[in-house]
Protein chains: 2
Amino acid sequence: MGLRELKRERTRQLISDKAFELFTDRGFGRTTVEQIAAAAEVGPSTLYRYYPTKERLVLEFVETSLFGALDWLRDQPPMNVPDGLQGVVERVLDQMESNPDRVRTVYELADQTSSVEAHLATVIWRWRDELSTELVHRLTADSDQPLAGESIGFTAALAAGITMNVIEVTVQTWVENPAGTDAKALAREAMCLLRGGGIPLPTVEP
Amino acid sequence: MGLRELKRERTRQLISDKAFELFTDRGFGRTTVEQIAAAAEVGPSTLYRYYPTKERLVLEFVETSLFGALDWLRDQPPMNVPDGLQGVVERVLDQMESNPDRVRTVYELADQTSSVEAHLATVIWRWRDELSTELVHRLTADSDQPLAGESIGFTAALAAGITMNVIEVTVQTWVENPAGTDAKALAREAMCLLRGGGIPLPTVEP
DNA sequence: AGTAATATGGAAGTGACTACCATATGACAC
DNA sequence: GTGTCATATGGTAGTCACTTCCATATTACT
């Protein structure tokens, strides 16, 4: 790695760290980009070359966690879709559990500031869409499948959406009570949905 | 209804209509709030009293469609959760199908402009959260349930998320091919997930 | 008609983000 | 080392969404 890329990485990390300091200190809305740039000792225009929006500063961690797991899936040999998705979920949860403070901070900032929540949602949506297209590849490329071509897109989107839901709900539960939650077990149980296990809902008499 | 509220409704509708005209004409990003205000013959500050953000102008229709269905559920007598959610989905699809042009326009604007997509995501998330809490009410208030108190929140969030997914994927499919898609039938099939039907995925040999 | 409540328009300001240009710095051939 | 080129940086000026505040106008109520 050349000196150039090394400094790039360092600057990137410095900006991110200083931003999180300021955000946790005065809050997202009360921190200006100029303040972050000043704290990281770079010009505002340089900061924008690293992070295109203020919100991306907050969400970089979530982004790399999610898309890292997706890259893992892309490198896997053919396997049944529920197994692959199970692996994806566990990879994401591993990332989250390895950095609980970051996760908590991101959640707090998203709760407080609607623009952060909005950007978080788009990151998650984009991930879900890419996961969906990856599933389509896996279902069509490997062999001739019994499913009709049209409904594959529908099914894949649904499966990707459910996977995303399981991650969201599991992480949410875990963030609210980290000690008392076995995130992986919870997710494994929820993923039974894909395998036809249904969802344990009580019946209600009218 | 007094004269005051009548004029309010008229102004609101006028602003919305003019905004859609301009958006479809020059695009969302190339339309300024001042232009919308001028076209509706109101001051910019008045416009902001009706719509807190530019994006809400686009998303009002989606919002009322979704939350209208939620209000319907709140008025329903106790019933099994999957049946209630099925009704919610069908109400939403009814709204969408009754105004296909609006739906298509919203989709196009969300595709082109990331901030619209982001706001759309938050509207949908908020709706999902409210649906989830409504499910918790229904599952706890009516009778004593066999489910443990802790896991009800988890299960309800999962069910609400899946419902949201079904709506999203169904509407997406329908928007791409309105003529050849029976949205309600598609959604009904997908909602079988909640009832333990699983998802029709082919197996893959390694 | 008179008064209170509320809706409107405009002006001034904040801050995120963009476009652009001059300058500095690491990379590479010699 | 030295010169050259590609790229990274800092600063400036500007756009536009959105906020705050105040003076004025319009509706509702007695």
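We name chains A, B, ... by the order of the sequence lines, and we start the count at 1 in each one.
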query: With the threshold set at 4.0 Å, does a side-chain nitrogen-carboxylate oxygen contact exist between B:D129 and B:R126?
result: no
statement: Assign each of A:G43 and B:T32 the nucleotide of DNA chain D bearing its closest heavy atom; nearer the 5' end lies the nucleotide of A:G43
message: Measure CZ/A:R8 against P/C:dT25 and give the value in whole Å, please.
response: 17 Å
query: Rounding to a whole Å, what distance do you find between B:L3:CG and D:dC29:P?
result: 11 Å
- prompt: Do other residues, nucleotides or ligands put more than 12 heavy atoms under 6.0 Å from A:E41 CD?
  reply: no
message: Which residues in residues 44-60 of chain B have a heavy atom closer than 4.0 Å to any atom of DNA chain C?
response: B:S45, B:T46, B:R49, B:Y50
Which nucleotide in C:dA16, D:dT9, C:dG26 has an atom nearest any side-chain atom of A:T11: D:dT9
task: Rounded off to whole Å, could you give me the CD-to-C1' distance for the A:E5 and C:dT25 pair?
output: 15 Å
message: Going by the rule side chain to side chain contact (heavy atoms under 4.5 Å, CB included), which residues pair with A:R4 if we only count those two or more places apart in sequence or in a different chain?
response: none
- request: When you get a sec, tell me which of D:dA28, C:dG15, D:dA8 is the closest nucleotide to the side chain of A:R4?
  value: D:dA8
message: Is A:K7 close enough to C:dT25 that one of its side-chain N or O atoms is under 4.0 Å from OP1 or OP2 there?
response: no
- prompt: Between B:D94 and B:K184, does at least one N-O distance fall below 4.0 Å, as a salt bridge requires?
  reply: yes
query: D:dA8 C1' sits how many Å from A:R12 CZ, rounded?
result: 15 Å
- prompt: Which part of the nucleic acid does B:T31 contact within heavy-atom distance under 4.0 Å: base, sugar-phosphate only, or nothing?
  reply: sugar-phosphate
message: Using the salt bridge (charged side-chain N to carboxylate O under 4.0 Å, His left out) criterion, which residues pair with A:D83? Sequence neighbours excluded.
response: A:R195
query: With the threshold set at 4.0 Å, does a side-chain nitrogen-carboxylate oxygen contact exist between A:E60 and A:R56?
result: no
